[in-house]
Amino acid sequence: MDSRRIAQMLLVVAASSLLGACSNFPSRQPPIWVFPDMKRQDKYKPQMHSDFFADGRTSRRPVAGTLSQEMYRADETLATGVAGDNTYVAKNPLPLTKETLLHGQVKFNTYCAPCHDRTGSGRGIVPSKATWVPGNIHDERIVGMVDGEIYHVISNGRRSMPGYRFQVSEKDRWAIVAYVRALQRSWRGSMADVPADSQAKVR
Ligand code: HEC
């Protein structure tokens, strides 16, 4: 066998053993990373072990008193409609101005009217297509609720009604409460509420 042939054979052996490293032979040894490409990083993943901390855990408890941004509320009562003594806030904290009512009207027509319809009687487009009965906000029971309870229903939902605290901001929810009150009041309106000089025009 001449030396050229021996060199060729050596090359084949070397090449096949190198390729063998790429094959799927089961091995207990960790793979050899020629180019790690950031696959191994000096960082902790959840539930890993660490010698750095005395209890050996990488998952640490947050510092006592830590509050996530979603949990933070500048004013708990304003945010929940529930006061410190666990009762519903009696009165809407927003000033009852024309702006508040107009703003509440826009938001009510966007977020509530699809189910409750624009008058609040509960015959919106959604119940017309589904067997789903929204409450009639003119029911004595709902008229008798304090503002905070209506705010709470909007925020968290009730029975089959979903909550809207993620879609509608705190201020908008309180504005909706104000508008719901206006709707309820108008539902109970009588001729005596119409200014005397306009009564003749009412048919
Ligand atoms: C997806 C449809 C839907 C939307 C949107 C919706 N509601 Fe409702 N709502 C319901 C249903 C259904 C009920 C009846 C719940 C029950 O009694 O099971 C209800 C009940 C209520 C009640 C009465 C709760 C009670 O104690 O009986 C109030 C008040 C109310 N909704 C206000 C609102 C306001 C204000 C909005 C807008 C922010 C709104 N809802 C948006 C479906 C909806």
Side-chain angles (χ1 to χ4, degrees), residues 62 65-203:
T66 307
L67 209 59
S68 69
Q69 287 202 24
E70 298 83 60
M71 297 281 288
Y72 176 72
R73 286 156 177 164
D75 184 335
E76 189 79 18
T77 306
L78 189 84
T80 58
V82 180
D85 56 357
N86 233 1
T87 53
Y88 290 121
V89 174
K91 243 181 84 47
N92 198 329
L94 291 189
L96 287 185
T97 59
K98 192 175 168 189
E99 284 71 44
T100 302
L101 287 177
L102 286 175
H103 186 64
Q105 182 181 41
V106 170
K107 296 296 168 183
F108 182 93
N109 288 346
T110 306
Y111 290 103
C112 319
C115 292
H116 287 274
D117 80 58
R118 289 187 174 211
T119 69
S121 72
R123 294 194 212 104
I125 189 119
V126 174
S128 76
K129 309 274 178 205
T131 46
W132 202 9
V133 188
N136 176 353
I137 63 163
H138 306 293
D139 277 352
E140 285 301 331
R141 184 177 59 83
I142 299 169
V143 173
M145 288 176 181
V146 291
D147 289 349
E149 183 166 5
I150 296 197
Y151 179 87
H152 193 265
V153 171
I154 301 174
S155 306
N156 305 297
R158 184 167 283 180
R159 294 184 292 275
S160 55
M161 177 178 149
Y164 285 88
R165 65 185 179 286
F166 297 116
Q167 293 94 327
V168 191
S169 73
E170 286 169 18
K171 189 168 160 264
D172 292 356
R173 274 177 267 154
W174 282 116
I176 290 175
V177 172
Y179 185 65
V180 165
R181 289 305 189 208
L183 284 176
Q184 290 172 337
R185 177 70 184 82
S186 69
W187 199 264
R188 282 163 169 65
S190 70
M191 196 51 107
D193 294 312
V194 181
D197 53 348
S198 305
Q199 284 186 3
K201 295 191 207 129
V202 177
R203 274 177 285 168

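Every value quoted in this text rests on a predicted model; they were computed, and no experiment measured them. The first residue of the sequence shown is numbered 1, and numbering continues consecutively from there. Counting convention: from 1, in listed order, for ligands and their atoms alike.
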message = Set out, in order, the CA-CA distance, both residues' side-chain angles and the distance that settles side chain to side chain contact (heavy atoms under 4.5 Å, CB included) for Thr80 and His152, then state yes or no.
response = CA-CA 7 Å; Thr80 58; His152 193 265; 5.7 Å; no
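Classified by interplanar angle (parallel below 30°, tilted 30° to 60°, perpendicular above 60°), the ring pair Phe108/His116 is tilted.
The local environment of CZ in Arg181 is crowded, with over 12 non-hydrogen atoms from other residues, nucleotides or ligands closer than 6.0 Å.
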Distance dump, ligand 1 polar atoms to protein, N/O, under 3.5 Å:
unit_1   : atom_1 : unit_2 : atom_2 : d
ligand 1 : 7 (N)  : His116 : NE2    : 2.8
ligand 1 : 9 (N)  : His116 : NE2    : 2.8
ligand 1 : 17 (O) : Arg159 : NE     : 2.9
ligand 1 : 17 (O) : Arg159 : NH2    : 3.1
ligand 1 : 18 (O) : Ser160 : N      : 3.2
ligand 1 : 18 (O) : Ser160 : OG     : 2.8
ligand 1 : 26 (O) : Arg141 : NH1    : 3.1
ligand 1 : 26 (O) : Arg158 : NH1    : 2.8
ligand 1 : 27 (O) : Arg141 : NH1    : 3.4
ligand 1 : 27 (O) : Arg141 : NH2    : 2.6
ligand 1 : 27 (O) : Arg159 : NH2    : 2.9
ligand 1 : 31 (N) : His116 : NE2    : 2.8
ligand 1 : 40 (N) : His116 : NE2    : 2.7

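In summary, Arg141 and Glu149 do not engage in a salt bridge, as defined by a charged side-chain N under 4.0 Å from a carboxylate O.
Remark: of the listed residues Val146, Thr100, Asn92, Asn92 is the sole one forming a side chain to side chain contact (heavy atoms under 4.5 Å, CB included) with Val177.
Among residues two or more places apart in sequence or in another chain, the side chain to side chain donor-acceptor pair (under 3.5 Å) test is passed with Arg188 by Glu140.
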